[in-house]
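Positions are given from 1 along the sequence. As the structure lists them, so they are numbered: ligands from 1, and atoms in each ligand from 1.
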Amino acid sequence: MKLKIIFTAVALAIIFFTIGHITAQSEKRMSEKTMENLSTAMHGEAFAYAKYLLFAQHARRGGDKELADMLEKTAKTERFEHFAEEAKLAGLVSSDSANLKDAIKGESYEAETMYREFSQQAEQAGDHQAAQRFEEIRLDEMKHRDAFAAALHNLEKKQTGSH
Ligand SMILES: [Fe+2]
Ligand SMILES: [Fe+2]
């Protein structure tokens with residue numbers, strides 16, 4: 001009986017090790033250059049998506065429904081095919097808590113560094129309107145960061161609670 005248990009345990013260990021090995025191989029990280037290119041490509045696709053939607057809005061307001069529809073259709077391809085496929089390759093989406101940590105990092109950078117510098121630089125250059133807008137957006141990013149931090153806190157509380 002005892003031998004049978006040991007045998008089963010060893011067999012299970014071998015199976016798990018093999019599955020783990022296969023999974024690790026199929027999830028082998030891509031080269032640094034490819035990851036860098038994926039990031040550049042995703043930024044471009046996301047920008048194109050947002051831009052084409054604004055172009056479409058402009059065309060629709062101007063009464064050109066056909067152009068608006070075409071721009072929106074293209075925008076959707078950029079976002080839901082190109083961006084999504086690249087995001088999958090790059091492993092952009094992870095667990096909820098890892099996603100939140102990633103988002104907090106991004107919002108923190110925008111709030112504490114990027115928009116602060118942009119606003120100061122715009123002010124120095126005499127672009128007061130831009131400086132003001134950067135500052136307003138910076139405050140929004142702080143709210144995003146704080147909301148994400150609160151969501152992460154709740155998530156971690158839930159996870160420790162369920163153990
Ligand atoms: Fe594209
Ligand atoms: Fe944000």
NZ/NE/NH1/NH2 to OD/OE distance under 4.0 Å, Arg138 and Glu141:
no

For Arg133, is there an ion pair with Glu136 - N to carboxylate O distance below 4.0 angstrom?
yes

For the side chain of [X] and the backbone of [Y], is there at least one donor-acceptor N/O pair under 3.5 Å apart?
| X | Y | result |
| --- | --- | --- |
| Thr34 | Met30 | no |
| His43 | Ser39 | yes |
| Ser119 | Ala131 | yes |

Considering only heavy atoms from C-beta outward, does the side chain of Lys157 approach that of Asn154 to under 4.5 Å?
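Lys157 vs Asn154: side chains touch.
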
In Glu78, the N, O or S atom nearest to the Fe ion (ligand 1) is which?
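It is OE1, the N, O or S atom of Glu78 closest to the Fe ion (ligand 1).
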
Do Arg60 and Asp64 pass the salt bridge (charged side-chain N to carboxylate O under 4.0 Å, His left out) test, and can you show the C-alpha distance, the side-chain angles, and the key distance before you say yes or no?
CA-CA 5 Å; Arg60 202 171 296 283; Asp64 197 336; over 6 Å; no

Listed protein N/O/S atoms, distance to the Fe ion (ligand 2) under 2.8 Å
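Listed by chain and number, the nearby protein N, O or S atoms are Glu107 OE1, Glu107 OE2, Glu141 OE1, His144 ND1.
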
Output field for angle at the Fe ion (ligand 1), Glu45.OE2 vs His82.ND1, rounded to 10°, should show 100°

